[in-house]
Amino acid sequence: MSLPLERELEGMPLEFANHEESIKITGFWMFLVTDVLIFASLFALYAVYQGGMGGGPDPAEFFHLGPALFETLLLLTSSFTVGLSIWAMRRGQTRAMTAWLLVTLLLGAAFVVTEVSEFVADVAQGYTWHQSAFLSSFFALVGTHGAHVTFGILMALALLVQLSQRGLNAITARKLFTFSLYWHFLDVVWIFIFTVVYLGGKLT
Amino acid sequence: MSHPTEPALHPDQEPVRYLHAHFEDDRRFPWGKLWGYVGSLALTFAAFGAVAQHLWPPTALMTLILGLAVAQAGLQLGVFMHLRESRGPSWQIAGLALALFIAVGLVGMSIWVMLFKSGVS
C-alpha cells in the first residue's frame with residue numbers, strides 16, 4: 001500500500017511527503033506534549049514524597065548508581081542508533097535503517113531487563129511500593145517510564161514486520177519517524193530520572 | 001509589496017513566509033548525530049563524576065546536575081528529534097512550550113507548597 005506523494009516542495013523527506021501523514025507527525029508531537037504532563041505529575045509526586053521513608057530505606061542507601069549509569073548508557077546509545085536509522089531512511093538505505101532499528105530494539109530490551117532485575121532484587125529484600133511513600137512514588141515514576149520503554153519495543157517489533165512486508169513508503173516512513181520521536185522523548189525523561197532520582201538520591 | 005509594473009497579487013495568492021517548509025540537511029556522514037551522542041555522554045559523565053566526587057555542597061551540586069540535564073534534553077530535542085522540522089508552522093514548539101510551562105509550574109509549586117510544613121502539622 002502506498003499513498004500518492006506531493007513533492008511540490010523541494011527536498012521533502014518521505015515521512016513528510018504526504019500531507020495527511022505529515023499531519024500525523026504533528027499529532028504525535030501533541031501526544032508527547034500530554035506525556036510530558038504525565039511525567040511532570042509523577043516527578044511532582046516524587047519530589048513531595050521523597051522524604052517519607054516510613055522506617056524503610058532512604059534514597060542514599062536504596063539506589064545503586066552502577067546499574068543506573070549502565071541503563072543511562074544503554075538508552076543514550078539507543079537514542080543515537082535510532083537517530084542513525086532515521087538518517088539512513090532519509091537516504092533510502094533501507095538495510096542500514098532496519099539494522100539500526102534492530103540495534104535500538106536490542107539496547108531497549110537490555111535496558112528493560114536491567115531495570116526489571118533491579119526491581120526484582122529490591123522486592124526480594126522486601127522493598128516494595130507498599131513500604132513507604134518514597135518507594136511508592138519511586139516505583140510509580142520509574143515504572144511508568146519502564147512501561148513506556150517496553151511499549152516502545154513492541155512498537156519497534158511491529159514496525160520491523162511492516163517494513164519487511166510493505167517496504168519503505170510514506171506510511172511506514174512516518175511510523176518510523178514517530179517511533180524515533182517517542183524513543184528520544186523517553187531518553188529525555190530518563191535523563192531527568194537519572195539526575196533527580198538516582199544522582200539526587202545520593203545528595204540527601 | 002508589488003513592483004509598479006507587475007499586477008498586485010490578491011492576498012490569497014501571496015506566499016506566506018512562515019508556511020515555508022524547513023527540513024534539516026544532514027551531510028554525507030551523520031556528524032551532527034555523532035557529536036550529539038558524544039555530547040550527551042560527556043554531560044552524563046560530568047553529572048555522575050560531580051556527584052561521585054562530592055564536588056560542591058548538595059544544593060549547589062543539585063543545581064549543577066539539573067542544569068546539565070536541561071542541556072542534555074535540549075541536545076536531544078535539537079539534534080535528534082528534528083524539533084523545528086515541519087511542512088508548515090512548527091506547531092509542536094508551541095505545544096512543547098506550553099507543556100514545559102505547566103510541568104515546571106506543577107513540580108515547582110508542589111515543592112514550594114510543601115515547604116510550609118509548620119502549617120500542615
Side-chain angles (χ1 to χ4, degrees), chain A residues 9-13 16-17 19 22-23 25-26 28-30 32-37 39-41 43-49 51 65 68-69 72-73 76-77 79-84 86-88 90-91 177 180-181 183-185 187-189 191-192 194-196 198-200 202-204, chain B residues 20-21 23 25-26 28-30 32-34 36-38 40-41 43-45 47-48 50-52 54 57-59 61-62 65-66 68-70 72-74 76-77 79-83 85-88 90-93 95-96 98-100 102-111 113-114:
Chain A
L9 294 166
E10 199 67 31
M12 175 96 64
F16 284 94
H19 184 61
S22 78
I23 290 171
I25 293 174
T26 309
F28 197 84
W29 273 105
M30 296 307 140
L32 291 183
V33 163
T34 63
D35 232 18
V36 169
L37 300 182
F39 282 107
S41 312
F43 271 109
L45 187 78
Y46 183 78
V48 168
Y49 286 132
L65 280 190
L69 183 65
T72 307
L73 296 181
L76 284 180
T77 309
S79 190
F80 175 53
T81 56
V82 79
L84 290 179
I86 294 299
W87 190 82
R90 289 196 168 173
R91 268 148 200 80
F177 189 75
S180 82
L181 290 181
W183 201 261
H184 294 310
F185 170 72
D187 191 39
V188 172
V189 173
I191 289 160
F192 282 99
F194 180 66
T195 303
V196 173
Y198 288 95
L199 292 181
K202 295 291 175 190
L203 298 179
T204 50
Chain B
H20 280 190
F23 295 98
D25 185 42
D26 273 329
R28 288 178 61 82
F29 185 81
K33 300 203 190 303
L34 186 66
Y37 179 53
V38 172
S40 64
L41 286 180
L43 288 167
T44 298
F45 281 112
F48 184 81
V51 171
H54 300 287
T59 310
L61 204 50
M62 194 65 206
I65 60 177
L66 270 179
L68 292 173
V70 168
Q72 199 168 334
Q76 285 286 329
L77 279 165
V79 175
F80 288 110
M81 289 176 85
H82 307 256
L83 178 66
E85 282 190 359
S86 170
R87 269 176 70 134
S90 303
W91 296 117
Q92 65 266 23
I93 294 178
L96 275 180
L98 177 62
L100 213 65
I102 298 174
V104 170
L106 195 61
V107 177
M109 292 295 170
S110 297
I111 293 170
V113 82
M114 291 306 284

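Below, chains carry the letters A, B, ... as their sequence lines are ordered, and counting in each starts from 1.
- Between chain A and the options B/Ala69, B/Ala52, B/Pro58, the largest number of non-hydrogen pairs under 4.5 Å is found for B/Ala69.
- Heavy-atom distances place no part of A/Phe39 under 4.5 Å from chain B, backbone and side chain included.
- Neither the backbone nor the side chain of B/Val104 comes within contact range of chain A; no heavy atoms are under 4.5 Å apart.
- Using a distance-only test at 3.5 Å, with no hydrogens or angles considered, a donor-acceptor pair links the side chain of A/Arg91 to the main chain of A/Trp87.
- Contacts of A/Ile25 with chain B are absent, with no heavy-atom separation under 4.5 Å from either backbone or side chain.
- Interface summary for chain A: among B/Ala73, B/Ala50, B/Gly105, the most heavy-atom pairs under 4.5 angstrom belong to B/Ala73.
- Ring geometry for B/Tyr37 against A/Phe80 counts as parallel: the plane angle stays under 30°, on a 0 to 90° scale with 60° as the upper cut.
- Ranked by heavy-atom pairs under 4.5 Å with chain B, the list A/Leu32, A/Leu76, A/Leu37 is led by A/Leu76.
- Chosen from A/Thr72, A/Val188, A/Val36, A/Thr195, the residue pairing most often with chain B at heavy-atom distances under 4.5 Å is A/Thr195.
- Contact annotation for A/Thr26: only side-chain heavy atoms (C-beta onward) come within less than 4.5 Å of a heavy atom of chain B.
- No more than 12 heavy atoms of other residues, nucleotides or ligands lie within 6.0 Å of CE in B/Met109, so this atom counts as exposed by the packing criterion.
- The closest side-chain heavy-atom distance from B/Phe80 to A/Trp183 is not below 4.5 Å.
- Between A/Leu203 and B/Ile65, the closest side-chain pair of non-hydrogen atoms falls below 4.5 Å.
- Among A/Asp187, A/Leu73, A/Ile23, the residue with the largest count of heavy-atom pairs under 4.5 Å with chain B is A/Asp187.
- A donor-acceptor contact shorter than 3.5 Å is absent between the side chain of B/Gln92 and the backbone of A/Phe28.
- With chain B as the partner, the residue from A/Thr34, A/Val189, A/Thr77 showing the most heavy-atom pairs under 4.5 Å is A/Thr77.
- Taking both residues in full, the closest heavy atoms of B/Leu106 and A/Ala40 are given as CD2-C, 3.9 Å, listed atom of the first, atom of the second, then distance.
- Heavy-atom distances place both the backbone and the side chain of B/Leu34 under 4.5 Å from chain A.
- Side-chain rings of A/Phe16 and A/Phe177 approach one another, their centers coming within less than 6.0 Å.
- Interface remark: A/Leu69 contributes side-chain atoms only to the contact with chain B (heavy atom separation under 4.5 Å).
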